[in-house]
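Every chain is numbered from 1, with letters handed out A, B, ... down the list of sequences.
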Amino acid sequence: MRIATWNINSLRLRMPTLQNVVAALKPDVVCLQETKVPDELFPVDDVRALGFEHILFAGMKGYNGVAILSKAPLTPIDRRDWCEKGDCRHIAAILPSGAELHNFYIPAGGDIPDPVLNDKFAHKLRFVDELADWFRGKAQAERILVGDLNIAPLEEDVWSHKQLLKVVSHTPVEVEKLIAAMKAHDWVDVLREFVPPDQKLYTWWSYRNRIWPGNDRGRRLDHVWVTPSLRPALAGATVLREARGWDKPSDHVPVAVDFNF
DNA sequence: ATGGTGGAAGGTCCA
């Protein structure tokens, strides 16, 4: 089974690109973030035409929004209202294998890396703390967590560790919280199981950098985590880097992970 | 040090 995750930055605008992503990766499940479409306008028929009969979505007008597209049936489970904002940043399901799949869109956090001066950064930190607490309280099970976590935890997850230490996405406070959230449920960082931590690995390149991939100033903001019992089932990981160079790209590229089930 | 681009809107806000 291949599970892909992608911050699509508008599902309706990028439906043709989604078709190309599906053709390139042939995923069984696609988790999307930033669908930017209210539920009543979700393009169910277009998604079914791509081969995904089973669709879960939680969207709102203008911002945020998450969805799970699947070829096989999904059993919806406990969505929750993170930070009491009702803002469509999480959706979850049980896969046919029995594994739980959680799709997250963590707040980007604004520009100023200070929770006192910047409410958006405070929200981001609170969200990551809540994520840690929620899974810490759960019994171990076969679980997969994917999504745009908007944090690049390792030095080689950014183009310049030193230059990004004060840039939201790579500041010590959010990195520490993300690592604490991983430890709270023994999450395994799947991409780093396949690409060693001393090698650069990015999934996002800013729209504000016109010369992609010239200077390759990327960050690894998109992640796939699994609980330890799923580690033996891991069969591979792919970052579809080329998608950043396609026509009308998202600023994030799709990431796919293969499982032996 | 600054501003750079893109999306949803049809103001600006968000990233």
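- With sequence neighbours left out, A:Asp114 forms a salt bridge (charged side-chain N to carboxylate O under 4.0 Å, His left out) with no residue at all.
- Comparing B:dA15 with B:dG4, their C1' atoms are spaced 14 Å from each other, to the whole Å.
- For residues 12-29 of chain A, no residue pair satisfies the salt bridge (charged side-chain N to carboxylate O under 4.0 Å, His left out) rule, not counting sequence neighbours.
- Through direct or indirect side-chain contacts shorter than 4.5 Å among Ile, Leu, Val, Met, Phe, Trp and Tyr, A:Trp134 is connected to A:Trp82, A:Phe104, A:Ile106, A:Phe127, A:Val128, A:Leu131, A:Phe135, A:Leu145, A:Leu149, A:Ile151, A:Val175, A:Leu178, A:Ile179, A:Met182, A:Trp187, A:Trp225.
- Computed from coordinates, the A:Ile112 CD1 to B:dC14 C1' distance equals 14 Å when rounded to whole Å.
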Quick test: give all pairs of protein nitrogen or oxygen and nucleotides 6-10 of chain B nitrogen or oxygen below 3.5 Å, distance rounded to 0.1 Å.
from: B:dG7; atom 1: OP1; to: A:Arg14; atom 2: NH1; distance (Å): 3.2
from: B:dG7; atom 1: OP1; to: A:Arg14; atom 2: NH2; distance (Å): 3.4
from: B:dG7; atom 1: OP2; to: A:Lys248; atom 2: NZ; distance (Å): 3.4
from: B:dA8; atom 1: OP1; to: A:Ser10; atom 2: OG; distance (Å): 2.0

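- Listed by chain and number, the residues in a side chain to side chain contact (heavy atoms under 4.5 Å, CB included) with A:Ser206 are A:Trp204, A:Arg208 (sequence neighbours excluded).
- Here B:dA15 presents its C1' atom at 14 Å from NE2 of A:His123, a figure rounded to the nearest Å.
- Each ring pair (Phe, Tyr, Trp, His ring centres under 6.0 Å) pair with one or both residues in residues 6-43 of chain A, not counting sequence neighbours, appears once here: A:Phe42-A:Phe57.
- Going from the C1' atom of B:dC14 to that of B:dG10 covers 15 Å, rounded to whole Å.
- For B:dT5 and B:dA9, the P atoms lie 22 Å apart once the distance is rounded to whole Å.
- Checking A:Ser206 against A:Asn150, the closest nucleotide of DNA chain B that is more toward the 5' end is the one next to A:Ser206.
- As rounded to the nearest Å, B:dG7 and B:dG11 have C1' atoms that lie 14 Å from one another.
- Note: A:Lys71 NZ to A:Met1 CE = 10.5 Å, rounded to the nearest 0.5 Å.
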